[in-house]
Amino acid sequence: MIRAIKGTRDLLPPDTELWNRVEAVARAVFRTYNYGEIRTPVFEETQLFARGVGEETDIVSKEMYTFEDRDGGSLTLRPEATASVVRAYIQHRLWERPGLTRLYYMGPMFRRERPQKGRYRQFYQIGAEAIGSESPLVDAEMLQMLADILEGAGLKQYELRLNSIGDPACRPAYLERLRAELGKVGEQLCGDCRRRAATNPLRVLDCKIPADQPIIERLPRVTDCLCAACREHFETLQAVLRQRGMAYTVVPRMVRGLDYYTRTTFEFVHHGLGAQNAVLGGGRYDGLSEALGGPKAPGIGFSIGADRFVLSLEESGVTPPAVRPDVYMVWLPAGEAPAADPAFRQADEMARLLRAAGLVVELPPEARKIGRALEQAGKLNARYALIIGENELREGRYQLKDLEQREARQLSRQELLEFFENHKDTKAQRHEEGIP
RNA sequence: GUGAGAGUAGCUCAAUCGGUAGAGCGCCGGACUGUGGCUCCGGAUGUUGCGGGUUCGAUCCCCGUCUCUCACCCCA
């Protein structure tokens, strides 16, 4: 049997209902903040990610799906979307359009990691980028937008973690200091940390080994080593959040894995996700455009791990309403071939009219005895059954059976359409439940 | 890439101290010649993940491999 390859999966109904809801909520919120959708290719020149994400990151050095094209070029399935969005920003000279560039995207990303809870090789991200301003007010607005999305989808109990990791003016000095301090305590740390101290000292801060914690606590904090400009930027952001009454925790030890981040970084975590507890992550990338050969274009963005978001919602008990047919068509054949059978022809015609009126109609492709047919209708949780058989054809009125009230009425075609016009409860219900 | 646990019907699981598998749900049909989620009866579906070894004989023991799950690493 051919199976979906490792780390990929099929999303099936009814689960996809929740996915659709999440995406619908996100789109609706993006619209209110005046973000427009961008769709970029799922594969790009390998160089884009090498230069954008960073040659030394784990993503680029060991997790990309890279392959040679027939003409010899090196292509890569996108491991994230920010590099592509900034590439498009440069390619199409989007800075020449009026106002701040605000773009959102959603779609699959690819990283070859060992799968685990909330982590897949093909996973989905819903993200946005605001490019063209370094104002902390943009950062603050983006965090507000995120809260709107999480809450709009029904997520409770999340936590916003915030940090500032400085810029090219102050981070090198901080790293220097950190290295020096790590040199002094080197022998007391775990093996992983000693390795990190040399390769990527920031990662030491992220260590989870209990024995290392007291040592790490005494290391210098990024937030204490920011230059004046970065410090002011971070303080302004926090002032707006406080003014707004938005809860957050400054976590100076929070480190992000992409090289392009500067200043503000953040993540929203949800407990119940296991080890991968970040539902989303993001931050500022003031130097990315220039690193990709574009103009100076400070920006900030985030990415929601849709798979994890859906998981968190499930953990929070959020379940979308089950999709159910409004009308199940029961047709009782007179024994002729379906195309010629008058019952089928009437059922087919009625189904068309009811669908045109916006109803969900199930027309079974095989005729069954009435008992079986109603049993099916019941199992599918249909609201009504419309019965068309010999008697109905003779009298020109169909039997509409309310499967919840267990009552039936005989209605002509016209009366049926009027009935559903006046009883929009099933349709109305769907609209209230937030599916646009 | 490393470690641990698990793979038996579409789903959830049982079983054999080694003697080639069952239940519930679901699916299909009948009882029921036009009135439902019930009941009863019947039916289909498994090379017991795959490959090898031990054995008269392996779903069970051993080795390998694949996949899944969780964790490390890393990240969304």
Side-chain angles (χ1 to χ4, degrees), chain A residues 1-9 12 53 57-63 79-82 106-127 190-193 195-196 199-200 203 206-209 254-258 261 265-270 273-283 301-312 324 328 330-335 343 366-394 399-408:
Chain A
M1 184 180 42
I2 301 177
R3 299 170 44 91
I5 62 181
K6 183 176 184 156
T8 71
R9 55 194 184 141
L12 305 171
V53 176
T57 59
D58 279 19
I59 293 177
V60 171
S61 64
K62 49 192 196 203
E63 295 172 1
E80 59 107 49
T82 302
M106 40 185 74
M109 308 294 159
F110 307 85
R111 292 183 202 172
R112 200 182 183 293
E113 298 178 87
R114 192 85 168 252
Q116 104 190 45
K117 184 170 188 176
R119 194 167 74 184
Y120 307 95
R121 290 182 171 185
Q122 174 172 337
F123 59 104
Y124 296 83
Q125 291 193 330
I126 299 173
C190 70
D192 277 338
C193 283
R195 180 178 50 79
R196 293 186 190 111
T199 58
N200 192 347
R203 289 246 81 90
D206 215 21
C207 176
K208 293 171 192 90
I209 307 287
M254 186 177 71
V255 171
R256 317 241 77 241
L258 290 78
Y261 284 121
T265 60
F266 56 88
E267 59 187 32
F268 282 71
V269 299
H270 181 83
L273 274 179
Q276 266 59 48
N277 64 358
V279 181
L280 67 91
F302 67 82
S303 202
I304 299 171
D307 309 78
R308 293 182 189 176
F309 193 12
V310 167
L311 262 176
S312 317
R324 49 182 298 199
Y328 186 92
V330 177
W331 54 284
L332 308 168
E366 264 94 35
R368 294 182 173 181
K369 286 188 297 190
I370 189 163
R372 289 284 178 196
L374 289 171
E375 191 180 320
Q376 264 300 306
K379 283 178 181 166
L380 292 175
N381 199 23
R383 180 65 210 280
Y384 297 97
L386 185 62
I387 302 170
I388 301 178
E390 228 179 310
N391 304 341
E392 287 75 15
L393 292 171
R394 190 171 51 243
Q399 182 185 156
L400 179 69
K401 200 171 163 90
D402 185 326
L403 295 171
E404 283 172 8
Q405 307 302 320
R406 293 184 165 261
E407 58 189 24

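What you see is a predicted model; the values in this text were computed from it and never measured.
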Base, sugar-phosphate, or nothing: which does [X] touch, judged by heavy atoms less than 4.0 Å apart?
X: A/Gly389; value: base
X: A/Arg9; value: nothing
X: A/Val330; value: nothing
X: A/Tyr120; value: base
X: A/Ile304; value: nothing
X: A/Arg256; value: sugar-phosphate
X: A/Leu380; value: nothing

Fill in: Check against side-chain contact (heavy atoms from CB on, under 4.5 Å), A/Val255 and A/Arg203
CA-CA 7 Å; A/Val255 171; A/Arg203 289 246 81 90; 3.7 Å; yes

Could one point to a donor on the side chain of [X] or the base of [N] with an acceptor on the other under 3.5 Å away?
X: A/Glu392; N: B/G34; result: yes
X: A/Arg3; N: B/U67; result: no
X: A/Arg368; N: B/G34; result: no
X: A/Arg308; N: B/C75; result: yes

Worksheet item: Using Watson-Crick pairs (N1 to N3, plus N6-O4 or O6-N4) and G-U wobble pairs, both distances under 3.5 Å, which stems of at least 3 pairs involve RNA chain B?
Response: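 Stem list for RNA chain B: B:1-7 with B:66-72, B:10-13 with B:22-25, B:27-31 with B:39-43, B:49-53 with B:61-65.
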
Please report the distance, rounded to the nearest Å, between [atom1] in [X] and [atom2] in [N].
X: A/Ile370; N: B/G37; atom1: CD1; atom2: P; value: 13 Å
X: A/Lys401; N: B/U35; atom1: NZ; atom2: C1'; value: 5 Å
X: A/Arg119; N: B/U69; atom1: CZ; atom2: C1'; value: 13 Å

Can you give the donor-acceptor pairs under 3.5 Å from side chains of residues 399-408 of chain A to other protein atoms, not counting sequence neighbours?
| residue | atom | partner | partner atom | Å |
| --- | --- | --- | --- | --- |
| A/Asp402 | OD1 | A/Glu404 | N | 2.9 |
| A/Asp402 | OD1 | A/Gln405 | N | 3.0 |
| A/Asp402 | OD2 | A/Arg383 | NH2 | 3.0 |
| A/Glu404 | OE1 | A/Arg383 | NE | 3.1 |
| A/Glu404 | OE2 | A/Arg324 | NH1 | 3.2 |
| A/Glu404 | OE2 | A/Arg324 | NH2 | 2.9 |
| A/Glu407 | OE2 | A/Arg409 | NH2 | 3.2 |

Worksheet item: Closer to the 5' end of RNA chain B via nearest nucleotide, is it A/Ile5 or A/Ile59?
Response: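 Upstream on the strand: A/Ile5.
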
Worksheet item: Are A/Lys369 and B/G30 close enough that a side-chain N or O sits under 4.0 Å from OP1 or OP2?
Response: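 Yes, because at least one side-chain N or O of A/Lys369 sits under 4.0 Å from OP1 or OP2 of B/G30.
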
Practice prompt. Run the numbers on A/Arg112 and A/Phe110 for side-chain contact (heavy atoms from CB on, under 4.5 Å), then give the verdict.
Written response: CA-CA 7 Å; A/Arg112 200 182 183 293; A/Phe110 307 85; over 6 Å; no

Worksheet item: Could you walk me through whether A/Glu80 and A/Leu258 pass the side-chain contact (heavy atoms from CB on, under 4.5 Å) check?
Response: CA-CA 10 Å; A/Glu80 59 107 49; A/Leu258 290 78; 3.5 Å; yes

